[in-house]
Amino acid sequence: MLSPATTATAAAFLSAAPASSSSTHRRRSRRAAISASLSSEPLLIRAARGEDGLPRPPAWMMRQAGRYMASYQALSKRHPSFRERSETTDLIVEITLQPWHAFAPDGVILFSDILTPLPAIGVPFDISESKGPVIQSPVRTEEQVRELVPIDLDKLQFVGESLKILRNEIDGKAALLGFVGAPWTIATYVVEGGMTNTYTNIKRMCHTAPNVLRGLLSHLAEAISDYIIYQVNSGAQCIQIFDSWGGQLPPHVWEQWSKPYIRQIVAKIKTECPHIPLVLYINGNGGLLERMKDIGVDVIGLDWTVDMADGRRRVGDGISVQGNVDPAYLFSPLPVLTDEIHRVVKAAGPKGHILNLGHGVLQKTPEEAVAHFFDVTRSLRYDTLFQGHLTEELQPVA
């Protein structure tokens with residue numbers, strides 16, 4: 001796999017070569033080899049990098065493996081523990097591949113959870129059927145932060161093993177995605193002790209114990225960076241960073257308490273794994289787009305409350321976008337869903353767009369609608385959708 005930097009270096013070398021007939025032939029051959037190597041990558045990876053000339057947008061769905069599928073429901077009856085399902089290699093692989101076999105999306109995302117790495121840094125947690133994640137000893141003091149340990153990747157071997165098997169199973173027919181939670185989002189669980197609607201403890205810490213919170217976020221950023229590298233080394237071709245609760249912060253607070261730690265992660269990954277596209281998704285990110293665009297990721301995910309055309313203008317042409325069909329459209333008549341897919345794709349333009357929902361697949365979503373979503377996407381052709389239309393070069397909003 002060649003990175004953009006590799007391609008640029010090769011192109012510079014070729015352009016500097018003497019202009020003899022034999023060197024011209026070598027240049028053409030080498031350029032063809034580079035082009036073939038890049039074009040052989042999955043469609044999703046090429047769209048994430050903003051390549052020109054793709055035939056259509058790639059598509060996948062957040063939470064595309066899970067509770068809406070009858071096959072998942074049957075498996076859950078045999079294995080009722082979510083921790084077992086998400087931390088057992090055979091089950092992870094089976095669940096991850098369920099939508100791949102059923103719908104053939106362009107991206108296959110590992111079945112896991114953003115909290116999965118917590119025990120590996122010294123934060124045990126449980127999953128309650130009624131309450132969701134439960135952390136018995138929330139981290140709120142300097143002493144507790146000091147007790148955290150560097151991430152022990154040996155405790156996450158089921159993730160690495162699953163990715164290796166999945167990469168082989170998919171066999172280049174789709175992109176294999178890994179994912180992580182952003183430090184702020186992970187910290188909300190660690191500080192609050194589980195799910196919350198108010199985030200009062202962690203928001204109060206911004207003012208009453210800022211050094212403790214900074215220490216926690218820094219530790220999480222380092223651990224998450226190492227976890228991403230581990231996923232990449234195990235076979236992940238693209239990584240999505242979920243700052244799921246970043247949208248619960250006022251924009252200036254997100255700028256201070258979430259953005260620097262995401263940027264820390266991105267900087268390390270771009271150094272260690274420069275060929276890996278990074279996607280950043282924040283639920284409720286309409287007020288954050290201008291603040292997100294300089295963070296260094298390749299793709300910004302838009303939730304369904306952002307108009308795609310407006311979001312594209314605000315981000316600019318230098319960054320790809322992902323999204324953003326409202327998940328509720330999957331409950332609509334199929335022709336209505338078709339029209340919405342067309343609208344979103346046209347608004348995004350013929351370059352640098354990964355079609356997705358604006359959030360995860362909802363419970364009780366009809367599988368027929370999910371199949372239709374991917375069938376419609378596979379039938380799309382940019383040259384038909386944009387026939388006779390000149391696409392403007394978008395500049396980011398200042």
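Just so it is clear, the structure is predicted and the values come from calculations on it, not from any experiment.
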Within a strict 4.5 Å, meaning less than it, do heavy atoms of the Thr116 and Phe158 side chains meet? yes
Glu222 side chain reached by His219 side chain, heavy atoms, under 4.5 Å: no
Side-chain contact test, heavy atoms from C-beta onward, threshold under 4.5 Å: evaluate it for Cys238 versus Leu44 and give yes or no. yes
Does Ala104 offer a backbone N or O that forms a donor-acceptor pair with the side chain of Arg378 under 3.5 Å? yes
Taking Tyr230 for its side chain and Leu156 for its backbone only, find out whether a donor-acceptor pair lies under 3.5 Å. yes
Salt bridge between Asp126 and Lys131, side-chain N to carboxylate O under 4.0 Å? no
Residues, nucleotides or ligands: over 12 heavy atoms within 6.0 Å of Tyr329 OH: no
Is the Trp245 ring parallel, tilted or perpendicular to the Tyr199 ring (thresholds 30°, 60°)? tilted
Are Phe111 and Tyr72 near enough that their ring centres are under 6.0 Å apart? yes
Should Trp184 and Asp243 count as side-chain neighbours, where that means a heavy-atom distance under 4.5 Å? yes
Atom pair OH/CD1 of Tyr281 and Ile241 - distance to nearest 0.5 Å: 14.5 Å
Modelled atom types, side-chain donor and acceptor of Gln237 and Glu41, under 3.5 Å: no
Roughly how far, to the nearest 0.5 Å, is the CD1 atom of Ile228 from the CD1 atom of Ile239? 6.0 Å
Exactly one of Lys268, Lys270, Arg263, Gln264 should register a side-chain contact (heavy atoms from CB on, under 4.5 Å) with Val266. Which one does? Lys270
Measure the acute angle between the ring planes of Phe386 and Tyr382, then classify it against the limits of 30° and 60° as parallel, tilted or perpendicular. tilted
Lys NZ or Arg CZ of Arg214 over Tyr261 ring: under 6.0 Å, within 45°: no
Applying a strict under-4.5 Å side-chain criterion to I, L, V, M, F, W and Y, I'd like to know whether Phe331 and Tyr68 cluster together. no
If I take atom CZ from residue Phe82 and atom CD from residue Glu87, how far apart are they, to the nearest 0.5 angstrom? 8.5 Å
Transitively linked via ILVMFWY side-chain contacts under 4.5 Å: Phe373 with Val336? yes
Distance only, no hydrogens: is a donor on one side chain within 3.5 Å (strictly under) of an acceptor on the other, for Ser86 and Asp113? no
Could you state the interatomic distance from CD (Glu255) to CD1 (Ile295), rounded to the nearest 0.5 Å? 8.5 Å
Would the distance check show the side chain of Gln231 and the main-chain N or O of Phe179 forming a donor-acceptor pair, the cut-off being under 3.5 Å? yes
Judged by atom type as modelled, is there a donor-acceptor pair below 3.5 Å linking the side chain of Arg314 to the main-chain atoms of Leu288? no
Would you say Val212 and Arg140 make side-chain contact, with heavy atoms under 4.5 Å? no
Enter the distance from His359:NE2 to Leu302:CG here, rounded to the nearest 0.5 Å. 13.5 Å
Taking side chain as C-beta onward, heavy atoms only, is Asp106 less than 4.5 Å from Pro42? no
CG-OG distance between Leu220 and Ser225, expressed to the nearest 0.5 angstrom: 10.5 Å
Contact summary for Trp254 and Pro260, nearest pair of heavy atoms: O-CD, 4.4 Å
Are any of the side-chain heavy atoms of Leu213 and Cys206 separated by less than 4.5 Å? yes
Starting from Trp304, can I reach Val279 by hopping between I/L/V/M/F/W/Y residues whose side chains sit under 4.5 Å apart? no
Could you walk me through whether Glu192 and Lys203 satisfy the side-chain contact (heavy atoms from CB on, under 4.5 Å) test, starting with their C-alpha distance in whole Å, then the side-chain angles of each, then the deciding distance to 0.1 Å, before giving a yes or no? CA-CA 10 Å; Glu192 300 287 345; Lys203 287 184 176 183; over 6 Å; no
Is any side-chain heavy atom of Ile262 closer than 4.5 Å to one of Lys259? no
Do side-chain atoms of Asp303 reach the backbone of Gly284 as a donor and acceptor pair under 3.5 angstrom? yes
Would you check if the side chain of Gln64 reaches a backbone N or O of Gly107 as a donor-acceptor pair within less than 3.5 Å? yes
Minimum-distance pair of heavy atoms, taken over all atoms of Met69 and Glu367: CA-OE2, 3.3 Å
Linking I/L/V/M/F/W/Y whenever any side-chain heavy atoms sit under 4.5 Å apart, do Val344 and Leu362 land together? no
Consider only side-chain heavy atoms of I, L, V, M, F, W and Y, link residues closer than 4.5 Å, and tell whether Met195 and Val191 are in one cluster. yes
Would you say the side chains of Gln322 and Trp60 form a donor-acceptor pair under 3.5 Å? yes
Ion pair check, Glu340 and Arg343, cut-off under 4.0 Å: yes
